[in-house]
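Throughout, a chain's letter reflects where its sequence line sits, starting with A, and its residues are numbered from 1.
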Amino acid sequence: MLSRQFVRENPDVVREGLALRGTDGIDVDEILDLDERWRALKSEGDDLRQERNEVSSKIGELKREGDEEAAQAAIERSQELKAELEEIEQRADELEAELETRLLEVPNVPQDDVPPGDGELDNEEVRRCGFDDTRAFPEDVRPHYDIGEDLELLDFERGAKVAGGGFYFLKGDAARLEHALIQFMRDVHREQGYDEVFPPVPVNSESMTGTGQLPKFTEDAYRVGESNDEPYDDDDLWLCPTAEVSVTNMYRDEILLSDDLPLKHQAYSPNFRREAGEHGTETRGIVRSHQFNKVELVNFVEPDDSDERLKELVSEAEEVLDRLGLPYRVTLLCGGDMTFASAKTYDIEVWAPADDMEYGPERGGRWLEVSSVSNFEAFQARRAGLRYRPERHESAEYLHTLNGSGTALPRVVVAIMEYYQNDDGTITVPEALRPYMNGQERIEGHDPVGESAVGAGRKE
RNA sequence: GCCAGGAUGGCCGAACGGUAAGGCGCACGCCUGGAAAGCGUGUUCCCUUUCGGGAUUCUGGGUUCAAAUCCCAGUCCUGGCGCCA
């Protein structure tokens with residue numbers, strides 16, 4: 001969240017930020033008004049309390065001196081003050097709670113070079129990589145969901161049967177590919193200096209608030225036990241929507257040493273998202289599902305270093321696609337497409353050549369976002385109480401957090417199944433992954449299992 | 001799951017109804033030829049231009065003129081017992 005002081009002193013900057021994002025429904029003037037009323041009550045209460053403290057310590061003295069009469073008079077005065085105080089402080093607390101609630105719903109202020117715009121079409125392309133010497137794949141390359149089902153690699157029907165729509169099975173070599181990708185990414189990032197953690201999958205409400213998922217975005221998350229419409233408290237658990245939540249909150253309410261920084265963690269975890277209303281041709285297959293794997297990169301840095309680190313973090317995520325030989329591009333997100341907590345975000349979009357979509361390169365296919373790399377500055381740190389102690393300062397300051405997906409697994413699988421597709425309908429395993437698949441060079445598919453395959457004429 | 005003990009500043013740790021000792025670390029200053037030692041000041045948050053004030057002993061309630069201290073509920077930690085992949 002933004003600090004009260006910042007909002008108080010820079011209301012215009014906050015308003016401009018909201019406009020750039022296209023965020024409606026946040027009334028900065030109302031927040032300023034709340035703040036002012038709260039401060040007035042607070043100082044009134046403080047004065048009363050000061051008087052009560054003076055009277056109260058006098059009671060102690062009088063009692064010690066044995067002056068019961070004077071002590072009794074002071075006790076009566078103290079009781080009066082107590083009643084007044086309760087009244088004032090209750091009103092102040094209500095205002096403060098309201099102020100806090102409003103502030104939690106204000107998104108981060110975008111950095112100066114974030115372009116204006118409403119959505120993905122307004123994002124700025126920064127660079128394109130891997131397109132100079134592309135591989136020869138079939139002219140009529142087939143979408144991953146078709147070839148995946150034909151080769152018995154993806155099973156949507158059985159996933160839906162077992163867990164519901166939006167869940168699927170990876171079978172045989174596809175499952176193997178998924179595991180290989182995870183191990184491969186972990187190794188790449190380890191070389192880049194990342195310390196690995198394996199986080200808990202459920203997270204509590206306080207963690208979800210720390211990184212900015214709550215209170216605004218309850219509908220995106222899976223809640224354990226209760227319905228999402230019920231009020232939640234700190235004990236409620238949610239299924240991790242991204243390891244960003246668990247890893248960023250790992251040091252919540254702690255003070256890190258400046259020697260610890262920059263701190264780079266990577267974490268593999270499954271991620272769960274409800275994705276309400278996200279269905280259609282663009283999300284067919286495994287492009288957007290309720291559960292997916294991801295290796296997440298989380299950085300904790302000193303405030304002065306976060307801009308530089310953002311660039312490096314983008315390169316660290318790109319490295320995965322470079323080594324896999326997959327063409328991609330990097331975009332700078334416009335104000336309207338950035339997430340709530342971010343001050344600046346780059347997306348990395350891999351090229352999936354099979355489905356020609358409006359949002360894709362001229363030569364066909366589509367862009368698939370595989371990584372979103374963001375600088376949150378102190379926005380999450382302030383919510384989560386993440387601080388560090390600069391060497392030459394006496395008091396602790398909020399540090400800056402950044403994160404990026406070390407690329408989301410299923411979409412990389414889509415790109416591999418399409419870009420590495422061969423004329424004979426098989427899929428070549430990218431060289432970088434072969435050491436993780438015991439040298440396997442090609443995915444040829446599997447025989448179907450079950451009676452239904454006989455009816456479909458695929459088995460005798 | 002049961003029983004017992006515990007949670008105090010960046011860290012350690014005292015006070016156990018009368019308004020948060022002390023130590024360590026760190027920063028700055030004094031001292032010094034330079035350092036060490038020593039001495040002094042500072043080292044949570046909020047309000048306040050300043051002066052200053054308020055809050056804060058795990059969290060939330062309660063008793064009291066007054067709660068770190070007493071009572072209730074909860075969270076987490078430690079130990080013992082039990083159960084368990």
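- Nucleotide B/U43 has B/G25 as its partner under the Watson-Crick or G-U criteria, with both atom distances under 3.5 Å.
- Residue A/Ser56 places a side-chain atom within donor-acceptor reach of the base of B/U19, judged by atom type and a 3.5 Å distance cut-off alone.
- Of the side-chain N and O atoms in A/Lys58, none sit less than 4.0 angstrom from OP1 or OP2 of B/A66.
- Pairing for B/C51 is absent, with no Watson-Crick or G-U wobble pair whose two atom distances lie under 3.5 Å.
- Using a cut-off of 4.0 Å between Lys/Arg side-chain N and Asp/Glu carboxylate O, A/Arg309 and A/Glu316 are scored as salt-bridged.
- For the residue pair A/Asn299/A/Glu312, the side-chain donor-acceptor check at 3.5 Å is not satisfied.
- In this structure, of B/U48, B/G53, B/C65, it is B/G53 that holds the atom nearest to the side chain of A/Lys42.
- In this structure, of B/C46, B/C65, B/U48, it is B/U48 that holds the atom nearest to the side chain of A/Arg39.
- The phosphate of B/C46 (OP1 or OP2) has no side-chain N or O of A/Arg49 nearer than 4.0 angstrom.
- Between A/Asn53 and B/A55 there is a side-chain N or O to OP1 or OP2 distance below 4.0 Å.
- When each of B/C46, B/C65, B/G54 is scored by its nearest atom to the side-chain atoms of A/Asp46, the top-ranked nucleotide is B/G54.
- Counting non-hydrogen atoms under 4.0 angstrom, A/Asp47 reaches nothing in the nucleic acid.
- The side chain of A/Arg387 approaches B/C45 more closely than any other nucleotide in the set B/G53, B/C65, B/C45.
- Across all strands, A/Ile255 comes closer than 4.0 Å only to sugar-phosphate atoms, never to a base (heavy-atom distances).
- Taking a pair to require two hydrogen-bonding distances under 3.5 Å in either a Watson-Crick or a G-U wobble arrangement, B/G33 remains unpaired.
- Between A/Arg15 and A/Asp12, at least one side-chain N (NZ, or NE/NH1/NH2) sits under 4.0 Å from a carboxylate O, which counts as a salt bridge.
- Applying the salt bridge (charged side-chain N to carboxylate O under 4.0 Å, His left out) test to every pair with at least one member in residues 241-252 of chain A, sequence neighbours left out, gives these pairs: A/Glu206-A/Arg252.
- A salt bridge links A/Glu51 with A/Arg77; the closest basic N to acidic carboxylate O contact falls under 4.0 Å.
- Distance CD (A/Glu54) to C1' (B/C65): 15 Å, rounded to an integer number of Å.
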